[in-house]
Amino acid sequence: LSCRGIHFSSAASSILSSSRSRSSRIRCSGSSLRRVIGIAGAGHLGAPQRYQKRWLDRRCQVKAQYVGDIGDFGKVLLLRHLAGSGLRIGVNWGLTPNDENADGKHRDYAGYRGRDCLCCCDEEVFKRILPTAQRNREDCELTHLEVLIRELCGTVTFFSEIFSSGHARSALDRRAFDLLNPAAAELVFFDPDNGIDLNAGSSAKHVYLSELKRYWSRGQSVLIYHHLSRTGSHERQIGNLELKLSDAFPNSFTLVYRLRRGTARAYFLCVQPKHRNHVQGREVIEPLAPLQLTKRDWARLAKSCIAHPNS
C-alpha cells in the first residue's frame, strides 16, 4: 500500500496480526478455512433536513442514501480486488426505496486529510468515487455506482429491480436467479439492507439462506453483505453466522471481512472449490487494510498523506 510514497502494508499487517487474538478467529476443517478480521472507525455527515422530503419523493432513487458513502468505498475496493481474480461478477442489489433513517451519512471520508486520508487504499478508486461521495444525498443515483464499478471491474451484471416483501418477492427472486446465471456470473454479490437471514421469510431487506443455496448448488460462489446488529457481540454474531454458512456450503473456502468504518458490517465470501485458485486466501486485502484497522491502530502507524496534508 502506498500513499504518494508512503508504504505501510507490512506495518498494517503486523498490527492486524498482533490483534488476532481479540478480533479474529480461524477454523480449518479439511479444505475449509474460516477467518474473521475486526476493524473499527466511523465518520459522521448527515444530509440537510430540507432535502428529506424531495429525496424521499424521488421514486427512482432506490436506496440512493447509501451511494458513495464509506460503505460503498469499501465495497468497490473489495469488488475490484475480486474482479482481478478473473471471476465474472454479478450483483444483486436487493434494492428497496429510500427511507428516513440516517443511513448513508458517512461521507466525510472524502475530506479526510493528513494521517486520516484514505486515498492510500487505492488512489484510482478514491479519485473516481469522490464526485459521488461529495454529492448531496438527494442527488445520488445508483447508476453512478454501477458505472464506477464497471469502469473499475470490467463486465459486471447487475440486478437492479426494486424488491418488495411478501408474495411479490418470489417473482423478483426468480428474475434475479435467471439474470445472474453461471454464464453471466461465477461470483454473485448480494447486498441486502440487513444481510443474511437464516430462517424462512419474505422480507425485502434480507437475503435468505435458502436463496443462497440455489446459487451455490449450480456452482456459483457467493459474497454477502451483512449488517451487524446490537444484539450480542459482533464477534459472536459473525462466528455463529460463519458456522451456519459452513454447514450450508460444504467444502467452501470462506473469508469474512469485518468493517466498522461507518456502520458495523461484514462481508462473507464463500468460494466454490473450483474457484479456489482464483481467490487469494490472505488475511489482509491490501487496499482494504486501512479500513480493517481501528482508528487507534491506524494512528499507531503515524503516517501522513503527502498528497492531502492537513491544512
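In this structure, Ser160 and Glu146 have side chains that are in contact, with non-hydrogen atoms separated by less than 4.5 Å. Put simply, the side chain of Asn181 reaches to within 4.5 Å of the side chain of Arg218, judged on heavy atoms. For the pair Lys213/Leu209, a side-chain contact is recorded, criterion being any heavy-atom separation below 4.5 Å from C-beta on. At a threshold of 4.5 Å between non-hydrogen side-chain atoms, the residues Leu78 and Tyr225 do not count as touching. Taking 4.5 Å as the limit, every side-chain heavy atom of Asp122 sits out of range of all side-chain heavy atoms of Phe126.
Contact detail for Lys75 and Asp191: the closest heavy-atom pair is NZ-OD2, 2.7 Å. Considering every non-hydrogen atom in both Ile162 and Pro97, the closest pair reads CG2-CD, 4.1 Å. Nearest approach of Ile89 to Leu79, heavy atoms of both residues: CD1-O, 3.8 Å. Closest approach of Leu228 to His234, counting heavy atoms only: CB-CD2, 3.7 Å. What you find for Glu186 and Leu87 is that their closest heavy atoms are OE1-CA, 3.4 Å. The minimum heavy-atom distance linking Arg214 with Asp173 is given by the pair NH1-O, 4.4 Å.
Applying the ring-ring contact (aromatic ring centres under 6.0 Å, His included) test between Phe190 and each of Phe268, Tyr208, Tyr267, Tyr215 identifies Tyr215 as the sole match. Under the side-chain contact (heavy atoms from CB on, under 4.5 Å) rule, Leu223 has a single partner from Val188, Val91, Leu269, which is Leu269.
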Name the atoms and distances for all side-chain donor-acceptor pairs under 3.5 Å in residues 194-204, with sequence neighbours left out.
{"residue": "Asp197", "atom": "OD1", "partner": "Asn199", "partner atom": "N", "Å": "2.8"}
{"residue": "Ser202", "atom": "OG", "partner": "Gly166", "partner atom": "N", "Å": "3.4"}
{"residue": "Ser203", "atom": "OG", "partner": "Lys205", "partner atom": "N", "Å": "3.1"}

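Within a 6.0 Å sphere centred on CZ of Arg230, other residues, nucleotides and ligands contribute 12 heavy atoms or fewer.
By the salt bridge (charged side-chain N to carboxylate O under 4.0 Å, His left out) test, Arg175 is found to be paired with Glu161, residues two or more places apart in sequence or in another chain being considered. Considering only residues two or more places apart in sequence or on other chains, Gln272 meets the side chain to side chain contact (heavy atoms under 4.5 Å, CB included) condition with Trp216, Ser221, Lys274, His275. Judged as a side chain to side chain donor-acceptor pair (under 3.5 Å), and not counting sequence neighbours, Asn92 has no contacts. Residues passing the side chain to side chain donor-acceptor pair (under 3.5 Å) test with Ser210: none are found, sequence neighbours excluded. Not a single ring-ring contact (aromatic ring centres under 6.0 Å, His included) links Phe189 to another residue, sequence neighbours left out.
Using cut-offs of 30° and 60° on the angle between ring planes, the pair Phe159 and Phe163 is perpendicular.
Thr254 and Glu242 share no donor-acceptor pair across their side chains, judged by distance under 3.5 Å alone.
Note: Leu187 CG to His278 NE2 = 11.0 Å, rounded to the nearest 0.5 Å. Separating the CD1 atom in Ile129 from the CD atom in Glu124 is a distance of 12.5 Å, to the nearest 0.5 Å. Atom CZ in Arg265 sits 8.0 Å away from atom CD1 in Ile70 (nearest 0.5 Å). The CG atom of Asp72 sits 9.0 Å away from atom OG1 of Thr132, with the distance rounded to the nearest 0.5 Å.
With Asp247 contributing its side chain and Lys244 its backbone, the two residues share no donor-acceptor pair below 3.5 Å.
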